[in-house]
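What you are looking at is a predicted structure, and each value in this text was computed from that prediction instead of being measured.
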Amino acid sequence: MPALLQRLRQRLTARDHGLLVLRRAGRTAIVMPGTFALCDQVIGNPEMALFAAFGSFAMLMLVGFGGPMRQRMQAQASLAVVSSLFVCLGTLASRAAWLACLAMAVLGFGVLLAGAVSSVLAGASTSLLLSFILPVSLPGTASDVPDRLAGWGLAAVVGLFAIRLLWPEPAADPLRGKAVGACRALAARLRSEDEASSPDHQQIVRNAHRALDELQRQFLTTPYRPTGLSASDRAVVRLVDELNWARRVIVHSLPIPDDSPNLAARRARIAAANVLGHGADLLAAPRTSPDALYTASAELRAALFALECDAADVLPPLSGRGPGNGTGASTVSTDETDEPADRQVTEVIDALEPSFRAHELAFVVGAIGDNIDAAARAERRTWLQRLLGRQATGLPGTLSAAQERVSAHVDPHSVWLHNSVRGAVGLALAVLVANLTDVQHAFWVVVGALSVLRSNALSTGQNALRAVLGTLAGFAIGALLLLPIGSDTTPLWFLLPVTILVAGVAPAVISFAAGQAAFTLELVILFNILQPTGWRVGLVRIEDVAIGCGVSLVVGLLFWPRGAGAALNTALSQAYTASSRYLAAAVEFGMRRPGSRPASTAVEAKRQAVRAASAARRMDDAFRQYLTERGAKTTPLAEFAMLIGGVIGLRLAADTVLDLWERDGDQAFGEGSAARPTQLPHAQLRHTLLRRTWQVTDWYDDFARSLDGERPVPRSLDLDADADRALVRALREDLRDKHGIASATAVRVIWTGDHLSALRRNQPTLVHPVLATGLAHGERAPD
């Protein structure tokens, strides 16, 4: 026996990290029998007892909010209020079969779609649905509302005290903790970047990679997006993409020698390290003073200012056969084999490489610092400010954030929209079947459908079979227990807490079927206490759950026979298409003269940015749905993660280009900028840069179509030396003074070209996983 208990303990700790499931099951095993006994044995109201029992189950077993205790209590209280309202609505809608079916469809769709807004709502969706399923499946009138509401309210109030007092979970935020570690590791790497030959540097590099990998793993393995609606949570989750992008920039950067003319780039990198370090401290303790981060952020802005001032000075003179005339007329040789011109191309690109990487890093680290500051300011709000919904400066309000997230899923290809429609129709159909067939305990039909509805027809069928087999096993065990007990309910009161505990732990520790068996046994005992009928209760349970499983299987076949794998391909395709259009719009915006840019270009760039963000959100939800599906994955998750990273890189490159050209007033280049005025790129230069942009965006569009199976996978674009040569030649003609000194616009043009080149270099890393796994069309386009 000790050996068996030891094995069970090891299995429990391995599958239930932090014993979170055991905590919930233990609390429910204490509270549910207590409230049930109070209503049934002391008050003598069976209907109140039934709702108290299932209310305890919904409030304690089916939901587990995370975060600090205050936030958990607030979320639990909100759940209690909303679910109590659903109990009233469900009772009033239960008077007619058509009304019950319609109400279930509407409310089910709303609750499931609201899960796209945050993990808080997603995690509470089953509890909210149960609070409506139970009353709408048991015909009642307005006179039944007080008893039902009293039972549910009793469970909600006792549940609040139980969560606070009975084995409470420690206040932990895994994502925030990993983000803090990643910030500190990247800061250490930046500070040691010029000591690449040092053994300590190599260990620092490994530590940074390990910290970023742990952060990414924590983010990707969370079934729902690990953030709530709070301003602080929304700011923290954005750090994941930004920190991974910062790592990518650092990896492609080279050490800068002490005697390098790019000392401004070194200063910018050290300033970025300080922002990351002080940002990590503030993120770990958001209620402390933010002065250190503010000082570091100001130093980073000053370093970025100096970097942009010095960038043009670092450029070698853009010499040609004659002085630039500012008209765009060619004054240089067009011979593509001109060796001096080729050398100048290399000199120009190499000269700006350190400053380009430093500028890229400063941009993303500045965004990281802003997000950390916003998260901390949101944490420091007073209770009244939180109650009134006043958000920290720079973050949208709760209502606008929810609207933005939901609107992203009003799309025919949204996985969350599919799930919401499918789930709502399935639950409504189950309510209709339960009413039309007039089965006993009709709500079991709907609970059966809810418990086995999954993301595709195959998984639904598998879970339906497991549910029926588990129910049969639970019935058999219940029958064996009830035969010797007979009508004596005293032993059942002792068995009820044990079965509740097992029903809560079994799905996570043993299997889904074991959980169904324990849940069946729990209900058999519960209803035999209310109305002793022996083993017949178990027989009714099998009949009702089998009907519910059949309903869910039919709905799954009708609405989504292919599962999340195909939807993920579509979501990836849409995300790449939207992000490439955003990049094109950002470059087009930059090719207009400051002060004379038509409003339409700015509006179009912002519109494409919103569309790209919405597509990326749908892609993220499709990936999480794919993660939660049962069964073997045909494509390794690492390959999908690489493709998702490609979308993130494409979007952030567009963000950086747009920010670069939005700040192209000469103020950023200091008082001496009059010597190199900001000029409009003339026709030749504009055409050269836009042509490079179109080559890159056309490739990503073709790649997106290959993911959706519309065409073969395109071959990666080679780095185009002719395009670099044409770009520098155009710069010599358009953007230099009579001494050949580059203007401010010349620096921005070259940096924009560097972003395009970086996206070219990233293409092989995207093509490889597609070809290696057969994820898309499986062919390479002809060379």
Side-chain angles (χ1 to χ4, degrees), residues 116-117 231 234-235 237-239 241-242 245 304 359-360 362-364 366-371 374 391-411 414 571 573-620 646-665 667-668 678 680-681 686 689-690 692-694 696-698 700-701 704 745 748-749 751-752 755-756 759:
V117 173
R234 295 199 304 271
V237 82
R238 283 196 292 271
L239 295 177
D241 292 342
E242 292 167 348
W245 182 251
L304 183 60
H359 175 271
E360 191 179 23
F363 173 80
V364 68
I368 290 171
D370 291 341
N371 275 334
Q391 301 295 334
T393 305
L395 286 176
T398 299
L399 183 59
S400 60
Q403 182 180 3
E404 177 186 342
R405 293 186 186 183
V406 172
S407 63
H409 292 280
V410 183
D411 182 275
S414 169
S573 175
Q574 291 181 336
Y576 273 105
T577 299
S579 298
S580 68
R581 290 175 181 173
Y582 174 31
L583 176 65
V587 177
E588 175 65 28
F589 172 81
M591 294 299 98
R592 305 278 183 167
R593 184 187 299 276
S596 64
R597 289 178 177 133
S600 59
T601 58
V603 170
E604 178 63 18
K606 297 298 184 183
R607 183 187 300 116
Q608 294 298 340
V610 171
R611 290 176 178 174
S614 297
R617 187 170 291 115
R618 292 193 296 270
M619 174 193 67
D620 179 77
V647 173
I648 294 169
L650 188 57
R651 278 187 60 215
L652 287 175
D655 285 339
T656 310
V657 169
L658 183 61
D659 176 78
L660 178 67
W661 289 101
E662 281 182 329
R663 295 184 298 103
D664 71 346
Q667 301 88 338
T678 298
L680 171 69
R686 189 164 60 248
L689 192 58
L690 286 176
R692 292 187 65 178
T693 303
W694 295 331
V696 172
T697 56
D698 285 349
Y700 278 98
D701 287 341
T745 305
R748 292 190 173 90
V749 167
W751 281 350
T752 302
H755 281 295
L756 298 174
L759 292 174

So which heavy atom on [X] is nearest to which on [Y], and how close?
| X | Y | value |
| --- | --- | --- |
| Arg651 | Ala616 | NH1-CB, 3.6 Å |
| Ala578 | Arg611 | CB-O, 4.0 Å |
| Glu242 | Ala367 | OE2-CB, 3.7 Å |
| Arg618 | Ala571 | O-CB, 4.1 Å |
| Ala704 | Ser573 | O-OG, 2.7 Å |
| Ala615 | Ala575 | CB-CA, 3.8 Å |

Do [X] and [Y] touch side chain to side chain, with heavy atoms closer than 4.5 Å?
| X | Y | answer |
| --- | --- | --- |
| Thr697 | Tyr582 | no |
| His359 | Thr656 | yes |
| Asp655 | Phe363 | yes |
| Trp751 | Glu360 | no |
| Leu689 | Leu756 | yes |
| Met591 | Trp661 | yes |
| Leu759 | Leu583 | yes |

Roughly how far apart are [X] [atom1] and [Y] [atom2], rounded to 0.5 Å?
| X | Y | atom1 | atom2 | result |
| --- | --- | --- | --- | --- |
| Leu660 | Phe589 | CG | CZ | 10.5 Å |
| Leu658 | Lys606 | CG | NZ | 5.0 Å |
| Trp245 | Ile648 | CH2 | CD1 | 10.0 Å |
| Ser580 | Gln608 | OG | CD | 9.0 Å |

